[in-house]
Protein chains: 2
Amino acid sequence: MAPRSPKPLGPSLSRNGRPGSVTIKHVAQEAGVSVATVSRVLNEKGPVRETTRNRIREVAERLRYAPHGAARSLITNKTSTIGVLLPDIYGEFFSELIRGIDRASRQREYHLLVSSSHGDRRELEAVLRATRGRVDGLIVMSPDLDTQTLQANLPETLPVVLLNCRSDGAWFDSITIDNHGGAHAMVRHLVELGHRRIALVKGPAGNFDASERQRGYRDALRELPGGWSEELEFDGDFSEEGGYLAGTRILQLADRPTAVFSANDGMAIGVLLAVRDAGLRVPEDISVAGFDDIPISRFTVPPLSSVRVPIADLGAQAITRLLHTIDMENRHDRLRVTLGTTPVLRQSCAPPRLDERRARGTAPTGESIRTNNPPTAVGGRSTAGGPQTASEPTAGGSKRTGSGKELSGSPRRRGP
Amino acid sequence: MAPRSPKPLGPSLSRNGRPGSVTIKHVAQEAGVSVATVSRVLNEKGPVRETTRNRIREVAERLRYAPHGAARSLITNKTSTIGVLLPDIYGEFFSELIRGIDRASRQREYHLLVSSSHGDRRELEAVLRATRGRVDGLIVMSPDLDTQTLQANLPETLPVVLLNCRSDGAWFDSITIDNHGGAHAMVRHLVELGHRRIALVKGPAGNFDASERQRGYRDALRELPGGWSEELEFDGDFSEEGGYLAGTRILQLADRPTAVFSANDGMAIGVLLAVRDAGLRVPEDISVAGFDDIPISRFTVPPLSSVRVPIADLGAQAITRLLHTIDMENRHDRLRVTLGTTPVLRQSCAPPRLDERRARGTAPTGESIRTNNPPTAVGGRSTAGGPQTASEPTAGGSKRTGSGKELSGSPRRRGP
DNA sequence: GGGAACGATGTAAACGTTTACACTAAATTC
DNA sequence: GAATTTAGTGTAAACGTTTACATCGTTCCC
């Protein structure tokens with residue numbers, strides 16, 4: 001590629017004519033030392049005389065020298081980059097996750113090589129192979145993919161953390177959110193409110209999160225005499241549209257359910273819409289609960305009960321673990337962590353109507369409809385502990401003179 | 001670092017003992033050819049005998065060889081990676097943008113090095129320098145940052161596309177969305193509905209998008225006899241909370257505005273909430289419009305009028321331009337593109353009450369409150385053309401028997 | 001049959017770093 | 001004052017590729 005040429009390199013002009021790429025050689029030449037010394041100064045390794053050091057620093061600064069990443073990682077075998085493989089689309093969840101990962105990695109001076117969509121398997125393989133020599137580790141989240149492909153296409157030495165995947169038999173580290181526990185707790189809560197006929201809006205088939213949440217739903221209902229029934233489970237695809245469709249179908253059931261648990265918030269919002277379009281009210285006529293607690297859920301009408309997921313934690317922990325593995329050269333044993341999820345109760349859930357409860361014989365424990373819960377702090381993250389009551393702005397039932405003071409949550413800037 | 005050792009390298013064990021990293025040498029040795037030949041086969045350059053080629057391919061496959069990215073880019077001076085620098089937090093907008101960029105770049109077999117937050121200037125500088133030898137080009141979006149720092153810390157040869165930045169005097173390419181035009185058109189629409197007293201919820205000070213939208217708002221009002229007035233402009237920060245606060249203050253005005261234009265949808269949702277909490281109704285008592293048309297805006301109550309922004313386009317165009325610049329080695333002239341934005345009308349805007357209009361003397365053109373617009377296709381993206389009527393599911397005013405059939409828009413999966 | 005042209009392959013230089021090792025001169029130790 | 005450490009620096013190998021050039025057979029064309 002490069003023509004063979006004599007030694008003398010122009011002061012800040014590399015041989016191939018493109019200016020601007022000043023190398024360590026230029027710095028060395030300009031400072032009148034060898035490249036080794038420059039390298040030593042810049043990496044603060046080995047002893048260098050004070051005066052020399054200053055001179056080199058000054059020259060480097062003046063020439064705007066920045067080491068060539070590829071060259072460096074070629075020899076050090078470190079890229080200070082970690083790869084992030086994400087499923088096709090993840091909306092709110094996605095951006096929050098990236099944010100968590102980014103923050104944690106920046107702190108440790110690592111870069112992020114992100115790949116957000118990998119449709120078919122061949123594409124995934126291509127991406128995987130392409131990562132060689134580009135990343136020091138990999139964070140993979142692909143709830144509808146098999147880990148086989150991963151295992152086959154990655155060098156065994158590459159540290160990998162699986163996020164929220166079914167990690168069947170794979171020897172990767174994995175960090176998961178407690179989908180099952182969260183769903184179970186939320187449905188359990190609905191049951192405690194007095195609901196017996198609770199519909200489910202499922203997530204996409206084959207999706208790990210979706211199936212775990214379904215499992216949680218079923219297990220919660222299994223504790224009741226009636227158990228669960230397939231006819232109360234409706235297909236969905238994690239989209240608002242899908243939720244709307246499912247909601248519409250649910251409302252057409254002869255014996256209408258008194259509550260709907262949706263496998264994510266997006267679909268739950270679709271259900272809310274369907275209920276409204278059918279001329280019914282939430283939660284008076286039917287309760288609705290979601291999963292994920294995306295930011296907007298506090299602002300739906302009525303505010304949506306949901307299951308809070310520690311998304312940012314998920315990312316941060318993945319990074320921590322990954323970098324730890326990278327540091328300890330030797331492979332330690334496989335990690336499996338499950339992060340707790342927390343039900344957050346808002347106004348979209350209430351006890352079923354009195355008459356319905358009477359008809360079913362579930363004893364009422366208080367007045368018919370709970371409106372405004374007293375603000376209570378949301379803390380902890382245990383799944384085991386029962387659901388908690390949210391302290392966020394409640395725009396629920398009817399009039400409240402909101403002062404705005406109650407607005408809580410981290411002041412995240414969104415938009416533009 | 002590596003100990004000097006004799007030539008013979010184990011069949012698939014690199015010298016430093018870490019297995020798994022099989023190099024081109026291993027392949028060459030195994031296939032009984034020189035590395036040059038292997039390289040030629042794998043890159044499909046130069047003539048190689050059919051049989052040799054097959055043998056090499058087979059060996060490479062068997063050994064799971066993947067070229068070392070860093071080594072390759074060291075010599076080719078191409079990384080097939082482009083860097084993406086984003087502002088701290090961008091929620092929906094952010095993920096959509098990444099998605100657009102990712103899709104476009106993957107198609108061209110480019111990787112993405114993402115850096116989403118760069119707080120202070122020193123941090124940004126560090127990130128910028130770190131990109132040397134890691135990326136072939138840069139996409140930068142930082143609506144509240146000066147381009148000076150960029151210019152100072154990047155090699156002149158690096159292709160850069162600025163997204164939605166004030167590109168004062170910089171010689172970078174820049175692609176911008178028509179913030180001014182969109183805001184202008186939306187406010188203009190409110191005016192045509194009969195509104196005269198229109199409040200603004202501003203974005204964060206110093207933010208480019210925010211200030212442009214404010215300018216659009218002012219320019220639209222300037223066309224009226226009254227003009228604009230500072231006392232109708234309220235501080236915001238692009239968050240729902242900020243919108244709620246601003247909304248509350250707006251409603252407390254003695255002479256209450258009949259409409260509110262918010263610099264983004266998040267704040268507009270906050271305003272919706274504030275109105276509801278004050279016991280008033282949208283759009284009967286007050287109209288509300290936002291900006292960005294984030295997915296959720298179709299599902300608020302009532303559905304929010306907003307300005308659609310071609311986010312994915314923004315990303316895709318940036319990539320296209322960038323790669324084009326990379327291909328053409330020589331620098332052509334600076335590009336400045338503005339992408340049109342499209343007002344999308346939903347149920348959150350209606351003519352002001354009859355009595356109010358009479359009091360102000362603005363002639364009513366029809367009946368008092370427009371409820372359901374006939375579904376019309378949303379197309380094109382011209383800002384110049386007037387606002388368009390949305391065809392999305394309307395959950396507005398009161399009961400509608402939604403069939404779900406009207407649900408349109410791309411079937412984006414969200415969640416989980 | 002003697003080049004010329006070409007096809008197939010190997011050799012080795014480069015890319016920009018880091019770092020083991022060699023070397024010198026000064027400082028320390030005995 | 002000699003021996004030994006130590007600080008400061010240079011030399012050159014290595015990292016894993018790509019590719020210009022050299023080499024060696026063939027085949028082709030008069």
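Chain naming here is simple, since letters A, B, ... match the order of the sequence lines and numbering starts at 1 in each.
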**Prompt:** Can you check whether B:Val35's main-chain N or O pairs, donor with acceptor, with B:Ser39's side chain at less than 3.5 Å?
**Reply:** no
**Request:** Would you kindly give the NZ-to-C1' distance between B:Lys25 and D:dG16, to the nearest whole Å?
**Result:** 7 Å
**Prompt:** Using a cut-off of less than 4.0 Å, is there contact between a side-chain N or O of A:Ser34 and OP1 or OP2 of D:dG10?
**Reply:** yes
**Request:** Report yes if a side-chain nitrogen or oxygen of B:Arg72 is closer than 4.0 Å to either non-bridging phosphate oxygen (OP1 or OP2) of D:dG16; otherwise report no.
**Result:** no
**Asked** In Å and rounded to the nearest 0.5 Å, what is the CG to CG distance from B:Leu162 to B:Leu335?
**Response** 11.0 Å
**Asked** Less than 4.0 Å between a side-chain N and a carboxylate O, is that true for B:Glu58 and B:Arg55?
**Response** no
**Asked** Roughly, in whole Å, what's the span from NE2 in B:His26 to P in D:dG16?
**Response** 8 Å
**Prompt:** Can you tell which of D:dT17, C:dT17, D:dT19 lies closest to the side chain of B:Ala36?
**Reply:** D:dT19
**Request:** Would you check if B:Arg132 and A:Pro67 make a side-chain contact, meaning some heavy-atom pair closer than 4.5 Å?
**Result:** no
**Request:** Begin with the C-alpha distance, continue with both residues' side-chain angles, and end with the deciding distance and a verdict on side chain to side chain contact (heavy atoms under 4.5 Å, CB included) for A:Arg321 and A:Gln317.
**Result:** CA-CA 6 Å; A:Arg321 169 67 178 183; A:Gln317 290 217 25; over 6 Å; no
**Request:** Would you indicate, yes or no, if C:dG10 has its OP1 or OP2 atom less than 4.0 angstrom from a side-chain nitrogen or oxygen of B:Thr37?
**Result:** yes
**Fill in**
In terms of heavy-atom contacts, B:Ala31 and B:Val59 come closest through CB-CG2, 4.0 Å
**Complete:** In whole angstroms, the gap separating C1' of C:dA14 from CD1 of B:Ile24 amounts to 15 Å
**Prompt:** When the distance from NE2 of A:His68 to P of C:dT18 is rounded to whole Å, what number comes out?
**Reply:** 12 Å
**Message:** Using whole Å, what does the distance between atom C1' of nucleotide C:dT17 and atom CD1 of A:Ile75 come to?
**Reply:** 7 Å
**Prompt:** Has the side chain of B:Arg40 got a donor or acceptor that lies under 3.5 Å from a partner of the other kind on the base of C:dG10?
**Reply:** yes
**Proximity to DNA chain C (any heavy atom under 4.0 Å), residues of residues 43-59 of chain A only** = A:Asn43, A:Lys45
**Prompt:** Can a salt bridge be assigned to the pair A:Glu44 and A:Arg57 using a cut-off of 4.0 Å between side-chain N and carboxylate O?
**Reply:** yes
**Request:** Mind calculating the distance between CG (B:Asn77) and C1' (D:dT19) to the nearest angstrom?
**Result:** 15 Å
**Request:** Rounded to the nearest angstrom, tell me the gap between atom CG in B:Leu74 and atom P in C:dT18.
**Result:** 12 Å
**Message:** Can you measure A:Lys78 atom NZ to C:dT17 atom C1' for me and round it to whole angstrom units?
**Reply:** 16 Å
**Message:** By the 4.0 Å heavy-atom rule, please label A:Ser39 as base, sugar-phosphate, or nothing.
**Reply:** base
**Message:** Does a side-chain N or O of A:Thr76 approach OP1 or OP2 of C:dT17 to a distance below 4.0 Å, or not?
**Reply:** no
